[in-house]
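Quick note on labels: first sequence line is chain A, next is B, and so on, each numbered from 1.
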Amino acid sequence: MSQSNLKSMFTDYIDGDSFFKNKDALTTNWKPDNILHRDQQINDLASILAPSLRGDDPSNVFIYGSVGTGKTLITKHVTEELTSVANSEDVDLNIVYINCKMKKVADTEYRLLAKLAEQLGDDVPSTGLPTDEVYNRFFEALQEQEGVVVIALDEIDALVKKVGDEFLYNLTRINDDLQKTKVSIIGISNDLNFTEYMDSRVKSSLSEEEIIFPPYNAIELREILKDRAEKGFVEEALKGGVISKCSALAAQEHGDARRALDLIRVAGELAERSSSEEIAKKHVDKAQEKIERDRIVETVRSQPKHSKLVLYIILDMTDDQDDIATGDVYSEYKGLCEEVDVSKLTQRRVSGLISELDMLGVINAKVISKGRYGRTRQISVDLSEDIRGQIKEMVEDKFYI
DNA sequence: AGTCCACAGGAAGGGCAGGCGA
DNA sequence: TCGCCTGCCCTTCCTGTGGACT
């Protein structure tokens, strides 16, 4: 692009009509005035939490539902309403919301306790103290509260799978030691079978009440999307069938409203970038590809260097071989480490990295037995040429391959 | 039926960086 | 500054295992 073209592109951008009138309305963080198809869940959660307005401690509640079914949105909505009533009625109520999956924030017991203490007004260093000291600080911070404290732990399944359920046991028993404060816990999980991982005592005290968020079907998704699109896009930006297409695709993805919103927003951005007259179905297809590509590439980018090298080897080997084994990858990997002058990891560790890449959905690795010839992982890659190229390029740039 | 391969994957612990309190 | 504590990444050591081969 020549420099004058660049200039005209920018001026066109300013002068050009945008498809968007409020892009925020097309993101998951945006809270609509009326939340569709979740009346039952809103009422359930509200009636469980309502006793806190009279100073009683509400039952602990467990919320289940897969990704994009509105768990976080509804929890925030109900707790915000509750807080505003509590404020106007002068009731002591404190709501703490924490996402346990947030890397480096609340993904270990220490960090969770530190974060909880911080939200209750105590400052705890991000590392350095013994865990029981952090627990004490959190406990003291709780004691200084008056009335009810509701702790909402989002993506609690991720944390329990990582560090066990002992912290939950402590949390659910904390009321026994508190005098004037009452604590209630909302556990939010994406994994419906998650309680199987937990001790039965924790399970029973945490699941005093349960609320299930079923996936949205295509019709519900369409209504949600239509509502958001009216707020997010200017009139007549969308060609017929676009909303239906987005909702149908998202319904296939376990009724994921987040995916539906991402699809329509990205489709809008792509259409705008290609200077189209309107947003059409082809933009949705492109959006689908882009979202998947970005997800994979971003996942890989955030991996440690050895994980990148291992993936590079796997991509390289699967170029002309269908299935490869852990041992093959490891011997090639050792060669690559020498080539780029990086100290190599052990096979045990590389095996772990392969398993992590599999869990992240970047590669497919399944354990098979070849009888006499041992047991190994059969590794294959199901990525488009485009994505493979991007990942390889990223690794080559980083290590000067 | 027994052997044996090529790993998988659990457990324990070392070493490091970041941070605290004395 | 030093001792101590944490999370994190990694190694070492180990036991387990599905099925082809003998």
Side-chain angles (χ1 to χ4, degrees), chain A residues 98-118 121-141 153 155-156 158-168 170 196-197 199 299-314 317-318 321-338 340-380 395 398-399:
Chain A
I98 287 178
N99 186 327
C100 304
K101 215 177 170 181
M102 291 255 284
K103 281 246 175 193
K104 315 275 182 192
V105 177
D107 56 349
T108 64
E109 181 179 7
Y110 181 100
R111 285 175 178 161
L112 175 71
L113 289 170
K115 194 78 193 161
L116 284 169
E118 185 197 312
D122 196 346
D123 206 18
V124 179
S126 58
T127 164
L129 298 178
T131 307
D132 54 347
E133 171 63 22
V134 185
Y135 186 81
N136 287 338
R137 294 229 198 155
F138 164 60
F139 188 77
E140 279 164 23
L153 300 173
E155 310 221 37
I156 197 173
L159 185 56
V160 169
K161 279 178 202 162
K162 198 171 161 194
V163 304
D165 58 2
E166 207 172 322
F167 77 95
L168 272 179
N170 293 336
E196 287 168 18
Y197 297 90
D199 185 290
T299 307
V300 175
R301 200 186 300 280
S302 64
Q303 291 306 297
K305 69 178 177 185
H306 284 284
S307 186
K308 288 195 182 92
L309 289 171
V310 169
L311 179 61
Y312 182 81
I313 287 296
I314 292 173
M317 293 179 80
T318 49
Q321 257 173 290
D322 277 347
D323 293 314
I324 49 176
T326 306
D328 307 335
V329 174
Y330 187 63
S331 46
E332 290 288 321
Y333 159 84
K334 281 192 290 188
L336 182 65
C337 283
E338 269 180 37
V340 299
D341 202 18
V342 168
S343 57
K344 62 177 191 291
L345 302 179
T346 55
Q347 175 149 349
R348 174 70 188 88
R349 183 66 193 128
V350 170
S351 165
L353 291 177
I354 292 174
S355 157
E356 282 166 29
L357 286 168
D358 178 40
M359 278 198 292
L360 290 166
V362 181
I363 62 172
N364 306 313
K366 83 171 178 241
V367 180
I368 56 150
S369 173
K370 292 190 284 184
R372 241 240 114 105
Y373 307 102
R375 242 159 74 94
T376 183
R377 278 205 190 83
Q378 196 175 48
I379 304 163
S380 61
V395 180
K398 194 170 161 66
F399 295 97

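When the side-chain nitrogen and oxygen atoms of A:Tyr373 are compared with OP1 and OP2 of C:dG19, none of them lie within a distance under 4.0 Å. For the OP1/OP2 pair of C:dC10 and a distance below 4.0 Å, the side-chain nitrogens and oxygens of A:Arg349 include at least one atom meeting the criterion. For A:Thr326, a side-chain nitrogen or oxygen approaches OP1 or OP2 of B:dA8 to under 4.0 Å. Within the 4.0 Å cut-off from OP1 or OP2 of B:dA6, not a single side-chain nitrogen or oxygen of A:Thr376 is found.
To the nearest angstrom, P of C:dC9 lies 13 Å from NZ of A:Lys305.
With distances taken from any side-chain atom of A:Arg372 to the nucleotides B:dC7, B:dC5, C:dT12, the minimum falls on B:dC5. Out of B:dG21, C:dC21, C:dG19, the shortest distance to the side chain of A:Arg137 is found at B:dG21. The side chain of A:Arg348 approaches C:dT12 more closely than any other nucleotide in the set C:dA20, C:dT12, B:dC7. In the set C:dC10, B:dC4, B:dA6, B:dA6 carries the atom at the smallest distance from any side-chain atom of A:Arg375.
Here the CD1 atom belonging to A:Ile368 is positioned 10.0 Å from the CZ atom belonging to A:Arg375, to the nearest 0.5 angstrom.
Contact annotation for A:Lys344: backbone-only contact, meaning every heavy-atom pair under 4.0 Å involves sugar-phosphate atoms and none involves a base.
A:Tyr333 contributes no side-chain N or O that, together with a main-chain N or O of A:Lys344, makes up a donor-acceptor pair within less than 3.5 Å. Panel note: side chain A:Thr376, backbone A:Thr326; a donor-acceptor pair is recorded below 3.5 Å.
Between A:Tyr135 and A:Phe138, the ring planes are perpendicular. Angles over 60° get that label, and only those under 30° would be called parallel.
Residues A:Gly371 and A:Val367 each lie close to DNA chain B; by heavy-atom proximity, the contact nearer the 5' end of the strand is made by A:Gly371.
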